[in-house]
Amino acid sequence: MSYLFESEEHAALRVQARRFAADVIAPHALEWEEKGEFPREVYGATARAGMLGIGYPEDLGGAGGDITHALVAQEELVLAGKSVGTVVGLNSHAIALPPILRLGSPEQQRRFVPPVLAGEKISALAITEPGAGSDVAAIQTRAVLDGDHWVLDGSKIFITSGCRADLVTVAARTGGPGHAGLSLIVVERGTPGFGVGRKLAKMGWWASDTAELTFEDCRVPRENLLGRPGEGFVAIVKNFVSERLHIAGQCVAIAILAHRESVAWARERQAFGKPLAQMQVIRHKLAEMETRIAAARALTSEVATRFTRGEDVPALAAMAKNTATDACSFVCDQAVQIHGGYGYMRETVVERLYRDARLYPIGGGTREIMNEIIAKSERY
Amino acid sequence: MKILVPIKRVADPDNANKVKVSADGSRVTSEGLEQKVNPFDEYAVEAALRLTENGATQSREGEVVVCSVGPKDVAQTIRGALAMGAERGILVDGADDAMDANVIAAVLEKLYAQEKPDLVVLGKQQVDGDSNQVGQILAERLGLPQATFANSIELADGGKACVVGREVDGGVLRVKVGLPAVITVDLRIVGSKAIANGITPATHAYPDAPRYASLKGIMSAKKKPIAEHTIASLGVTEAPRIEYLKFELPPKRAAGVKVESVQELVEKLHSQAKVI
Ligand SMILES: Cc1cc2nc3c(=O)[nH]c(=O)nc-3n(C[C@H](O)[C@H](O)[C@H](O)COP(=O)(O)OP(=O)(O)OC[C@H]3O[C@@H](n4cnc5c(N)ncnc54)[C@H](O)[C@@H]3O)c2cc1C
């Protein structure tokens, strides 16, 4: 099945993404996941294959297209590459760059965006702090203007691609308390006072590094502020719809992969003299998995379509994220069950997917926060 | 320079083991399998593109016309090549099973007369039928020089000839053909330095594979022209000369046995296999 919005063009893009992921990612999927890292060169290879800049303007080195193309390419990267960690690592610019495109001056855009889309530089977005996650307005990292520099102090946590990032879009407080005091500042690697604390060990997404970042008396050139002081929060929030659609799409892709692996296994694995796939209980499990995937795909498709038409859809995007994350968690859990003991073993793909899936109701805004957004938007 | 590249789609070669023989043995069926461009044809498209561009600046310096004979849905295969960068397409409508290498060569002869290219570059063979004939028959019909199984192509004599390399036992055979000519290509033609066109700087190294079609390429392919003909409208009257009588699967092989020791192996080779 594919998204309802897909045209021949999307189908052609799928073929390219599939070939790239099968050639470049899949042969190393297990190795990179176990090692907790994929080689830096993969960014360049992905860019050269035209997969990094999808959804970004061509004059900044992007490949053109919109989120529907990005969803389709990302799905094939997951399906054919079988390393969710690698794909989300490669994709950290999907949250780091949009604020630069939204708030940045043409000069800032030319400086920061093309090297990232060419795979030469790695970018990350740093909002979450040890003391502020869901409650973004409680961010404590401070930025104080001193002559030609913003001086940053504070720390960030759980930052995807943070260990290797060359530029980090950082949320910091330039004004008073609350969301109106937040700004976004681009901090480049090598800036004195900017440090990578720890590479965090985590449940899934192993091939993607997740970092703790520190800013101590970190002097960032004044011209690295995006937009005007106080514009940070709105830019962060505006980015949520596309981020959540990306996440929903990843969940659909992971669930399809887990389902495919399960169907293949159920056809092959014999018990009580016949393949598992011939037992009604197992067939029904597979059917239910497929149904949840179809539902998640349908909602994601609808929201992506509305979004590309220019509709403002924060609540629908939150619904799509929750629907898709739940489908993904359910499907991966059932997939492990169908695989039996093999499903609990590290070399089995679904074991990894099961761990990867657990991130999704947390990252990019938790399930509970999604429900808050929906409830607020519906004014219950 | 203008190059004509005939391409064909085949059932996904990565799933060749899923191809089945129909119950009556009259044909091979590949139902349910994805159709992909024949790999050697994709190499031919890549070679033709490299011959007609500046690889360093990615500017186009010539024209590549891609053609395919088959049912209407081969338009998609043609679009794939247009997305890689070819300029135009030609679709010749015809049912797959009404064709053999001779009919295809007759069609290509007509297209050659229409297009008057400097080169016809083809894959050396299809990975489904494996007949390896079209390029050779076409060259013969056109009375043109041919160089087959090319693993390198170098433009020579100010673009009036090609030096074509071909791997042979113990080395590389190099032949020079005056243009126009027919060249069939092998896998290594997509090697990073396999093509020298005098435009792309010699220092430029291509990836060792056909290029990926960019999203931009895919989008612009929709706007590129694909001319349509039928075998009859081109005036081709040739009928297939090859008739397939029957297909059958090779007999199932009996399972092998594991031996415990070298002694046992030698003993079995002697007493059971009777080879020593
Ligand atoms: C692998 C990984 C990668 C990440 N990558 C990034 C990144 O690149 N950049 C970045 O900035 N952040 C990143 N994050 C952080 C992520 O966005 C946060 O973890 C997430 O927003 C939740 O924040 P928290 O962890 O502080 O949880 P908390 O906010 O402390 O929430 C804890 C629990 O309380 C619930 N809760 C909180 N508030 C409410 C409420 N009002 N009503 C009901 N329930 C509530 C939550 O839903 C959750 O269940 C990443 C996280 C992970 C795990």
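Throughout, protein chains are lettered first and strands after them, A, B, ... in sequence-line order, and every chain is numbered starting at 1. Because the structure is a prediction, the values reported are computed rather than measured.
- Both the backbone and the side chain of B:K216 come within contact range of chain A, with heavy atoms under 4.5 Å apart.
- Crowding of A:Y342 atom OH: a count of heavy atoms from other residues, nucleotides or ligands under 6.0 Å not exceeding 12.
- The 12-atom threshold is not exceeded at NZ of B:K20, counting heavy atoms of other residues, nucleotides or ligands nearer than 6.0 Å.
- Interface remark: B:R79 contributes side-chain atoms only to the contact with chain A (heavy atom separation under 4.5 Å).
- When the candidates A:A49, A:G65, A:G50 are compared by the number of heavy-atom contacts under 4.5 Å with chain B, A:A49 comes out ahead.
- Other residues, nucleotides and ligands contribute more than 12 heavy atoms inside 6.0 Å of the CZ atom of B:R60.
- B:Q76 CD: 12 or fewer foreign heavy atoms inside a 6.0 Å radius.
- B:I218 pairs with exactly one of A:E9, A:H10, A:H69 by the side chain to side chain contact (heavy atoms under 4.5 Å, CB included) rule, that one being A:E9.
- Nearest heavy atom pair, residue A:R19 against residue B:A209, reads NH2-CB, 4.0 Å.
- Of the atoms belonging to B:A83, not a single heavy atom falls under 4.5 Å from chain A.
- In terms of heavy-atom pairs under 4.5 Å with chain B, the best-connected choice from A:M51, A:E8, A:Q16 is A:Q16.
- Here the straight-line distance linking atom OG of B:S214 with atom CZ of A:R48 works out to 15.0 Å at 0.5 Å rounding.
- The environment of NZ in B:K124 is crowded: more than 12 heavy-atom neighbours from other residues, nucleotides or ligands sit within 6.0 Å.
- The residue among B:M219, B:K222, B:E34 with the most heavy atom pairs within less than 4.5 Å of chain A is B:M219.
- Within 6.0 Å of CZ in A:R283 there are 12 or fewer heavy atoms belonging to other residues, nucleotides or ligands.
- A 6.0 Å sphere centred on CD of B:Q58 holds no more than 12 heavy atoms belonging to other residues, nucleotides or ligands.
- Of all the heavy atoms in A:F20 and B:Y212, the pair that sits closest is CA-OH, 3.3 Å.
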